[in-house]
Protein chains: 2
Amino acid sequence: MSLEIGPVNKASLSKQVADQLQEAILEGTLKADDRLPTEDDLAKRFQVSRPTIREALKRLAAKNLIRSRRGPAGGTFVNHLGKGELSEHLTTASTLFVSMNQISLTEVSSTRLEMESLCCQLACQNRTPSDLELMEAELEQQQNRNITSEEFCAADVRFHRAIADASHNRMLSFIMYTLIEALQPVANMIAYRFREREIITAQHKRLLASIKNQDSNLATAILKEQIEYLDQLHQEAQANHQQKESNKTVSAPNIFGR
Amino acid sequence: MSLEIGPVNKASLSKQVADQLQEAILEGTLKADDRLPTEDDLAKRFQVSRPTIREALKRLAAKNLIRSRRGPAGGTFVNHLGKGELSEHLTTASTLFVSMNQISLTEVSSTRLEMESLCCQLACQNRTPSDLELMEAELEQQQNRNITSEEFCAADVRFHRAIADASHNRMLSFIMYTLIEALQPVANMIAYRFREREIITAQHKRLLASIKNQDSNLATAILKEQIEYLDQLHQEAQANHQQKESNKTVSAPNIFGR
DNA sequence: AATTTATATTTGTAAGACAAATTAACATTT
DNA sequence: AAATGTTAATTTGTCTTACAAATATAAATT
């Protein structure tokens with residue numbers, strides 16, 4: 001006669017389904033590039049309706065855990081999550097954190113300085129020839145005066161990522177990917193003039209040399225120089241931007257206006 | 001005669017809606033605890049069906065950006081995202097990263113050591129009296145022999161979070177929250193014996209004193225001692241666990257079996 | 001043989017209905 | 001009059017059914 005109802009499953013069905021699927025992915029039952037059953041199939045297996053399954057899948061899609069394609073050979077597949085994809089995901093979270101807690105980019109920048117210094121020290125110890133080659137390649141890209149500023153910024157990101165990777169501490173470089181990405185808006189704002197590009201490229205050149213020579217003190221000093229330089233440019237740019245902001249008009253129609 | 005269709009919006013409707021809503025939250029149009037329009041209302045405003053709106057909302061719910069309640073005073077509300085909620089979100093991502101890239105917890109642990117050392121240095125410089133009080137309070141909790149091991153672990157987490165916060169670099173402490181959380185499984189595994197608890201508590205006591213005295217060299221040394229001690233315990237525990245693992249049976253029915 | 005055309009499969013979107021939860025107002029009883 | 005129970009309204013949660021759009025495979029046609 002004991003009912004054994006216990007604590008009722010309060011979570012919504014779609015959440016329960018999403019959690020089970022995520023668990024399966026995390027645990028390795030579903031590996032990268034595996035194809036999930038079709039939505040109809042999942043609905044039958046979980047004994048819920050297809051919209052419920054879809055809501056669950058959207059939850060996972062928001063986390064970049066799965067991708068979907070239509071058609072006969074389509075379906076839903078498990079994503080292979082490398083540092084890139086996951087840190088992209090992390091970046092949106094830290095962007096949120098920055099915007100909602102009103103942390104200045106300067107504060108983020110100081111964190112980056114500390115952590116990237118750490119990377120540099122480790123990189124000086126652990127860098128391999130192939131690490132150095134990668135950094136050389138990006139450096140050459142940056143020396144080309146014909147690339148757009150977007151391309152320059154992308155090469156800049158890859159250069160700093162290469163430093164992080166050269167630390168050969170995967171967790172650390174994972175976190176660094178996020179910080180580098182989080183500060184891209186700053187880099188985009190300021191890397192449009194040739195003179196600044198040249199300064200940055202020259203710094204990279206010296207930085208690479210010092211890592212090559214395993215001179216970690218010099219490396220961290222150059223890094224500090226660069227980040228402080230960027231901060232300074234950023235503050236100037238922000239001052240200009242403030243003025244433009246004052247007489248700007250609303251561009252997109254507001255969905256939530258009355 | 002120019003059609004101007006341009007690149008067709010290839011993203012699904014639910015994704016577009018989700019992106020617009022997220023943008024509104026990020027930008028500040030929708031503030032914390034604001035209530036969104038009802039789903040029917042949103043469907044009308046965005047000119048899509050309610051299931052589409054719901055899929056969009058689930059995407060945001062997966063990111064912990066919103067919460068929903070049923071009923072007349074219910075609806076969908078914007079979450080206030082503090083360090084806690086966001087780092088919880090980050091933790092699942094880094095857990096994924098750890099599990100999918102086969103990074104050993106030892107490697108994560110070494111990253112934590114480096115970063116927490118940095119926190120300690122900054123904490124020695126910047127700690128305020130209220131920071132120290134917080135750490136004292138957690139330390140007293142840990143000295144109580146009557147608490148469960150879960151409570152002990154929780155107090156341990158709060159102690160280390162307090163160190164991170166004492167650095168007064170919010171971005172750094174944000175990242176540290178994630179790392180501390182990511183290593184909780186290890187802590188849970190080993191903090192069940194009184195003897196180990198006492199050793200850890202004693203280390204915390206010395207750590208707190210050195211931060212109080214602003215002796216950053218001593219602080220980082222003690223921290224290193226603790227983390228290496230934990231690593232050692234973890235390796236022993238893992239060796240034991242390997243044996244148990246071999247004769248374990250599948251607990252949950254596999255949804256994806258044939 | 002190459003190209004085009006059907007066709008089947010699968011996700012994406014829509015509409016309508018009902019269930020469940022929860023609040024607010026109202027009625028009832030003490 | 002106050003406490004309590006009841007009802008009604010509102011909102012999210014879920015289900016059902018249907019159709020649209022994309023796309024790979026197989027068939028048909030040139």
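Letters A, B, ... mirror the listed sequences (proteins, then strands); counts begin at 1. Predicted, not measured: the structure shown is a model, and the values here were computed from it.
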Starting at CG of A:D40 and ending at C1' of C:dT11, how long is that distance when rounded to a whole Å? 10 Å
Which residue, A:L21, A:N79, A:L57, forms the side-chain contact (heavy atoms from CB on, under 4.5 Å) with A:I66? A:L57
So what does A:R69 hit on the nucleic acid, given a heavy-atom distance under 4.0 Å: a base, only sugar-phosphate, or nothing? sugar-phosphate
Using a 4.5 Å cut-off on heavy atoms from C-beta on, say whether the side chain of A:K31 contacts that of A:I25. no
Take B:R70 and A:P51, find for each the nucleotide of DNA chain D with the closest heavy atom, and name the residue whose nucleotide sits nearer the 5' end. B:R70
Please state how far atom CG in B:L42 lies from atom P in C:dA14, giving the value in whole angstrom units. 14 Å
Counting only side-chain N and O atoms of A:R35, is one of them less than 4.0 Å from OP1 or OP2 of C:dT10? yes
5'-most by nearest nucleotide on DNA chain D - A:G74 or B:G71: B:G71
Look at B:T52 and C:dA14 and indicate whether a side-chain polar atom (N or O) is within less than 4.0 Å of OP1 or OP2. yes
Pair B:D165 + B:R161, salt bridge at N-O below 4.0 Å: no
Select from A:P72 and B:P72 the residue whose nearest nucleotide in DNA chain C is closer to the 5' end of that strand. A:P72
What contact category does A:R67 fall into here, base, sugar-phosphate, or nothing, at under 4.0 angstrom with non-hydrogen atoms? nothing
For atom CD1 of A:I53 and atom C1' of C:dT13, their distance in whole Å: 17 Å
Take atom CD of B:Q47 and atom C1' of C:dT13, then tell me their distance rounded to the nearest Å. 14 Å
Once you round it to whole Å, what is the distance between C1' of C:dG12 and CZ of B:F46? 18 Å
Using a cut-off of 4.0 Å on non-hydrogen atoms, how would the nucleic acid contact of A:K15 be classed: base, sugar-phosphate, or nothing? nothing
Please state how far atom CZ in A:R54 lies from atom P in C:dT13, giving the value in whole angstrom units. 7 Å
If you take all heavy atoms of B:Q142 and B:A155, which pair is closest and at what distance? NE2-O, 3.3 Å
Expressed in angstrom and rounded to an integer, what is the separation of A:E55 atom CD from C:dA14 atom P? 14 Å
Can you tell me which residue among B:E181, B:E138, B:E151 is in a salt bridge (charged side-chain N to carboxylate O under 4.0 Å, His left out) with B:R158? B:E138
Footprint ends on DNA chain D, 5' to 3', for atoms under 4.0 angstrom from a heavy atom of chain B, come out as D:dA9 to D:dT14
Examine the base of C:dG16 for any acceptor or donor lying under 3.5 Å from a partner atom in the side chain of B:R50, and report the outcome as yes or no. no
Taking A:K44 first and then A:D40, would you say they form a salt bridge - that is, a charged N and a carboxylate O separated by under 4.0 Å? no
Between B:D33 and B:R67, is there a salt bridge with N-O shorter than 4.0 Å? yes
Nearest whole angstrom, please: distance from the C1' of C:dT11 to the CD1 of A:I66. 11 Å
